[in-house]
Amino acid sequence: MSTAPGGLGGPFGGHPAVARTRRRHMMLALAMLLIPLVAAMAISLQDAKPSVLLAVALIVGVVVIVALLANPRLNVSVSLVIIYLGLLEGPVKLGSGGHEAASVVRDVLIYGVAAGALLRLLAARQKIRLPPLAGWVLAFGTLVLVEALNPNTQGLTKALGGFRQQLEWLPFFFFGYALVRSKRRFRQYFLIVGVLALANGAVGTYQSKLSPTQLAGWGPGYKELINGTEEAGTKGGLAARVYASNGEGHVRPPALGTDAGFGAGVGVIALPATLALLAGAALRRRWPIALLTLGALVGVATGLGRLQVVGAVLAVLIFTLLSFSMGRKVTRPLAVIAGVIMLALPAGALFVSAVGGNTFSRYESIAPGNVSTETKDTKVQSLEQIPNVIQSDPFGVGLGSAGAAAGFGGLNQLQGIGAHVVSAETQYNFILDELGLPGLILWVALDIRLMSIGLRGLRRVRDLEVRLYLAALLATFIGLVIMGFSGPSTGSAAFGPFYWSTAGIFAYWFIARRPRGAASPTLGRSVAVPA
């Protein structure tokens, strides 16, 4: 067999066995590429108005899935999944009319990456050890599966919908534990989140200047989102994502997500992360990070979600308090926070004047003079119903009864309690309705456990830069727990992956890698951490 220069036998390698293996892999990949082509043709034949975007998305999606399964670099695969969730899922789904095939792309991507990583572990024949806190994750997953046997779960379709919305983000626990193990990985993670926040903030700003009719023209899914699908005299459906100000209709921008407020959710996560980068990273040029911080602020503002604004304020305040764990080095994060505030105030005034004050009129309800009158809403009423639901249905009202899966497979015909009780207005109502009292107890206990190991373990982290990054994650996590009293936080594509990945990161840094011995605190100097 002739060899190419350098000892390589053509494009498939020099050794015959290697060449045969690579040829088989290529033929298998080409064969798998036929699947999306056939699926796209079938959809086109069945649909009177075929979606070209959906067909292309299916083809590209399966190609990417094959690549992710074969890719040995887990960090690259997970980064691509995060980028898809933050930049592409909204246009793909809403541009194709919210088709179910587009809705499950993210789940196929997530579990494709997880399956590929697991297969590589099995092929390596290494002993697999579960991470710390994995028992909590497995207990939650088991409880979800058992809930399918609840008599209130009305059929297989409802059970599958409940499985999806409760389990789809669990792999991020293992991704966070396996990947974020050094300052370099922290910086990469925070930079990706910052870029996603900036992109969503820019798109959200543009969408906020469009009329409802203009944004509805972006695609059939955008039309359904803006105009809603509710019908008079019937229950269920999607409420219109519009509001009126001075007799003029305005949209609640979805940015690059699938629902209103997605850009604000990404901004909430990115704010403490970019502040920590500014304060902790030994970077020669900090202005790109400052730009990402301002982008996160714009994303929160243009998301027009009162919950996200309050969550962002809470996260920044908690991060400020946690920064005092750095001792005398606290001056750096405090100076960064003060500098960002001083920069954001005049920039914000210019931004509001450029976009238009009427765009932000929806925030009037959280002004100090209106807080007392606005808090007695459906959120409080839903929380007040928790004891009644526990008494009437202690094991929940069935999977797929609340949240995004409530309309999956038809509305739930409840037994024993009124339909007005079933609610996803808060995270705790959402968990209780789907998983019952055992699920609510497990969820609250996990929240307390994660916050406890974070608060107790933060000072034990010797490297001050890593401590600052962990403080940013902990601040956002605590804010997310508080936000749960006003919304189903983990159901979104922004907060769901963040919650479980943060749990995995905490499991590594606060439990698996507890510092042993004395070490000098460092700030801005890289420390090699074995992966």
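Side chains included, hydrogens not; waters and symmetry mates left out as well; all remaining heavy atoms used.
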Please list, one pair per line, the donor and acceptor atoms closer than 3.5 Å that link side chains of residues 262-271 to other protein atoms, with sequence neighbours excluded.
none

Problem set entry | Verdict with supporting geometry, Q385 and N388, side chain to side chain donor-acceptor pair (under 3.5 Å) | CA-CA 5 Å; Q385 289 290 341; N388 297 332; 3.1 Å; yes
[X] side, atom [atom1]; [Y] side, atom [atom2] - distance, nearest 0.5 Å:
X	Y	atom1	atom2	value
T157	L399	OG1	CG	12.5 Å
R467	S325	CZ	OG	5.0 Å
L468	L277	CG	CG	9.0 Å
L464	R332	CG	CZ	9.5 Å
S79	Q188	OG	CD	7.0 Å
L80	R73	CG	CZ	10.5 Å

Problem set entry | Centroid-centroid under 6.0 Å between F186 and W509 rings | yes
Whether the side chain of [X] engages the backbone of [Y] through a donor-acceptor N/O pair (distance < 3.5 Å, no angle test) should be reported.
X	Y	result
D433	G396	no
E434	Q166	no
S486	M483	no

Exercise. Given the rule in the side-chain contact (heavy atoms from CB on, under 4.5 Å) test, do L437 and V389 qualify, once you have shown the distances and angles that lead to the verdict?
Worked result: CA-CA 9 Å; L437 182 59; V389 178; over 6 Å; no
[X] and [Y]: which non-hydrogen atoms are nearest, and at how many Å?
X	Y	answer
L74	A117	CD1-CB, 4.0 Å
T153	A148	CB-O, 4.0 Å
A493	R106	CB-NH1, 3.7 Å
L87	A199	CD2-CB, 3.7 Å
L450	I453	O-CG1, 3.3 Å
Q308	V300	O-CG1, 4.1 Å

Problem set entry | Candidate list T274, L196, L278, test side-chain contact (heavy atoms from CB on, under 4.5 Å), partner L292, passing option |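 The option that passes is T274.
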For this session: State which residue, out of T476, T320, L322, L474, fulfils the side-chain contact (heavy atoms from CB on, under 4.5 Å) condition with P272.
Result: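 Per the side-chain contact (heavy atoms from CB on, under 4.5 Å) rule, the option paired with P272 is T476, out of T476, T320, L322, L474.
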Distance-only donor-acceptor pairs under 3.5 Å for side chains of residues 132-147, two or more places apart:
unit_1 : atom_1 : unit_2 : atom_2 : d
T142   : OG1    : L138   : O      : 2.8
E147   : OE2    : N150   : ND2    : 2.5

With a 4.5 Å cut-off on side-chain heavy atoms, are [Y] and [X] touching?
X	Y	answer
F395	P438	yes
V309	L304	no
L256	P91	yes
T331	L334	no
Y189	L473	yes
P333	M326	yes
D107	W169	no
F510	V461	yes

Exercise. Going through the distances and angles, do E89 and T258 end up as a side chain to side chain donor-acceptor pair (under 3.5 Å)?
Worked result: CA-CA 7 Å; E89 185 184 27; T258 59; 5.0 Å; no
Under the ring-ring contact (aromatic ring centres under 6.0 Å, His included) rule, collect the residues that match up with [X], sequence neighbours excluded.
X	answer
Y428	F485
F319	none
F172	F175
Y177	Y508

Problem set entry | No-hydrogen, no-angle side-chain donor-acceptor test under 3.5 Å, Y469 and D463 | no
For this session: Give a yes-or-no answer on whether the side chains of S452 and R456 include a donor-acceptor pair shorter than 3.5 Å.
Result: yes
Problem set entry | Check ion pair D259-R241 (N to O, under 4.0 angstrom) |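 R241 and D259: salt-bridged.
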Exercise. Can a salt bridge be assigned to the pair E465 and R187 using a cut-off of 4.0 Å between side-chain N and carboxylate O?
Worked result: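 Yes, charged N to carboxylate O under 4.0 Å.
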For this session: Starting from the C-alpha separation in whole Å, work towards a yes-or-no answer on ring pair (Phe, Tyr, Trp, His ring centres under 6.0 Å) for W500 and F495.
Result: CA-CA 9 Å; W500 290 109; F495 292 140; over 10 Å; no
For this session: Start with the C-alpha distance between L440 and L435, add both sets of side-chain angles, then the distance that settles side-chain contact (heavy atoms from CB on, under 4.5 Å), and finish with yes or no.
Result: CA-CA 7 Å; L440 181 61; L435 305 180; over 6 Å; no
For this session: Apply side-chain contact (heavy atoms from CB on, under 4.5 Å) to the pair V397 and L432, showing each step before the final yes or no.
Result: CA-CA 8 Å; V397 297; L432 176 63; over 6 Å; no
Problem set entry | Pair I337-V340, side-chain contact (heavy atoms from CB on, under 4.5 Å): steps then yes or no | CA-CA 5 Å; I337 295 172; V340 169; 5.9 Å; no
